[in-house]
A.B. asks: 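One structure coming up, written as structure tokens, with questions to follow.
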Amino acid sequence: MPTGDASDDAKAERPREAVYRVLASIPEGCLASYGQVAELAGLPKQARQVGRMLSLLPRDTRLPWYRVVNASGKISFPAGSPGYQRQLEYLLDEGSAEASGRLRWRECRWRP
DNA sequence: GTCCTGACGAGCG
DNA sequence: CCGCTCGCCAGGA
């Protein structure tokens, strides 16, 4: 076999799994930034990749995607959009946000 | 192959 | 605090 592309497939799925793992490890009541998740997943400087993966998650996923916000400490959906509303709901539920929509940032360190 | 887009982030004025 | 630019990288047209 002239090429070792079989390992490429496995390689392509590694980042995805790593992100899911980190995502699932975010403690309830905490918030993490895309960049933080990317770094913990071994993908430094690739916050956008994390965002893209989250956008591909099925609606019925059990992963706490809503605990991920941007580095400004805000929801990365346009205010008022469906995604924004949904995420805000979850965060209100966990006490990570106020009714006004303002998020309560907490410096959370955890072990993935 | 190139060009544009995107649930981002840091830097600068 | 706001808006703009550039860097990063995967996907789709």
Side-chain angles (χ1 to χ4, degrees):
Chain A
M1 60 274 245
T3 67
D5 38 30
S7 60
D8 281 351
D9 274 355
K11 228 174 188 179
E13 276 185 45
R14 211 162 26 170
R16 205 174 59 192
E17 303 258 334
V19 170
Y20 290 156
R21 188 172 160 63
V22 172
L23 196 55
S25 74
I26 302 175
E28 181 176 333
C30 288
L31 297 177
S33 71
Y34 294 86
Q36 193 174 2
V37 172
E39 200 162 289
L40 288 173
L43 304 170
K45 309 289 186 177
Q46 294 187 56
R48 301 186 86 152
Q49 255 44 315
V50 173
R52 196 168 59 78
M53 286 196 200
L54 296 196
S55 74
L56 297 174
L57 286 174
R59 305 176 76 71
D60 58 6
T61 181
R62 307 197 274 78
L63 294 172
W65 56 269
Y66 45 83
R67 290 179 191 149
V68 184
V69 298
N70 60 40
S72 303
K74 294 179 182 176
I75 291 175
S76 274
F77 281 112
S81 67
Y84 180 92
Q85 294 278 356
R86 201 167 294 115
Q87 184 166 13
L88 182 56
E89 282 288 309
Y90 281 115
L91 295 183
L92 283 171
D93 241 16
E94 296 189 346
S96 293
E98 300 174 17
S100 64
R102 178 181 172 118
L103 304 186
R104 290 191 73 187
W105 181 262
R106 302 189 171 195
E107 251 191 288
C108 283
R109 274 189 241 167
W110 71 98
R111 21 175 175 150

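Reminder, nothing fancy here: chain letters follow the sequence lines and each chain counts from 1. On a predicted model such as this, the values are computed, not experimentally measured, just so you know.
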A.B. asks: Just to verify, what does A:R104 make a side chain to side chain contact (heavy atoms under 4.5 Å, CB included) with, not counting sequence neighbours?
C.D. replies: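 Applying side chain to side chain contact (heavy atoms under 4.5 Å, CB included) to A:R104 gives A:E98, A:R106.
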A.B. asks: Taking salt bridge (Lys or Arg N to Asp or Glu O under 4.0 Å) as the test, write out the residues that go with A:E94, two or more places apart.
C.D. replies: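 Salt bridge (Lys or Arg N to Asp or Glu O under 4.0 Å) list for A:E94, sorted by chain: A:R67.
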A.B. asks: Holding to ring pair (Phe, Tyr, Trp, His ring centres under 6.0 Å), I want the full list of residues that pass it with A:Y20, two or more places apart in sequence or in another chain.
C.D. replies: none
A.B. asks: Using distance only, find each side-chain donor-acceptor pair of residues 70-82 of chain A under 3.5 Å and give its atom names and separation, not counting sequence neighbours.
C.D. replies:
from, atom 1, to, atom 2, distance (Å)
A:N70, OD1, A:S72, N, 2.9
A:N70, OD1, A:G73, N, 3.3
A:N70, OD1, A:K74, N, 3.1
A:N70, ND2, A:K74, O, 3.2
A:N70, ND2, A:S76, OG, 3.1
A:S81, OG, A:P78, O, 2.7
A:S81, OG, A:Y84, N, 3.3

A.B. asks: For A:R52, enumerate each residue passing the salt bridge (Lys or Arg N to Asp or Glu O under 4.0 Å) test, keeping only those at least two apart in sequence or located in another chain.
C.D. replies: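 If we apply the salt bridge (Lys or Arg N to Asp or Glu O under 4.0 Å) test to A:R52, skipping adjacent residues, there are no hits.
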A.B. asks: How does protein reach along nucleotides 7-13 of chain B, written 5' to 3' as B (base within reach of a heavy atom under 4.0 Å), S (only sugar-phosphate), or - (no contact)?
C.D. replies: BBSS---
A.B. asks: Under 3.5 Å, sequence neighbours excluded: what are the donor-acceptor pairs made by side chains of residues 27-49 of chain A?
C.D. replies:
from, atom 1, to, atom 2, distance (Å)
A:S33, OG, A:Q36, N, 3.0
A:Q36, OE1, A:S33, N, 3.4

A.B. asks: Once disulfide (SG to SG under 2.5 Å) is applied, what residue pairs with a partner in residues 49-92 of chain A remain, sequence neighbours excluded?
C.D. replies: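 Listed once each, the pairs would be none.
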A.B. asks: Please find the earliest and latest nucleotides of DNA chain C, in the 5' to 3' direction, that have an atom within less than 4.0 Å of any heavy atom of chain A.
C.D. replies: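 In short, chain A contacts DNA chain C from C:dG7 to C:dG11.
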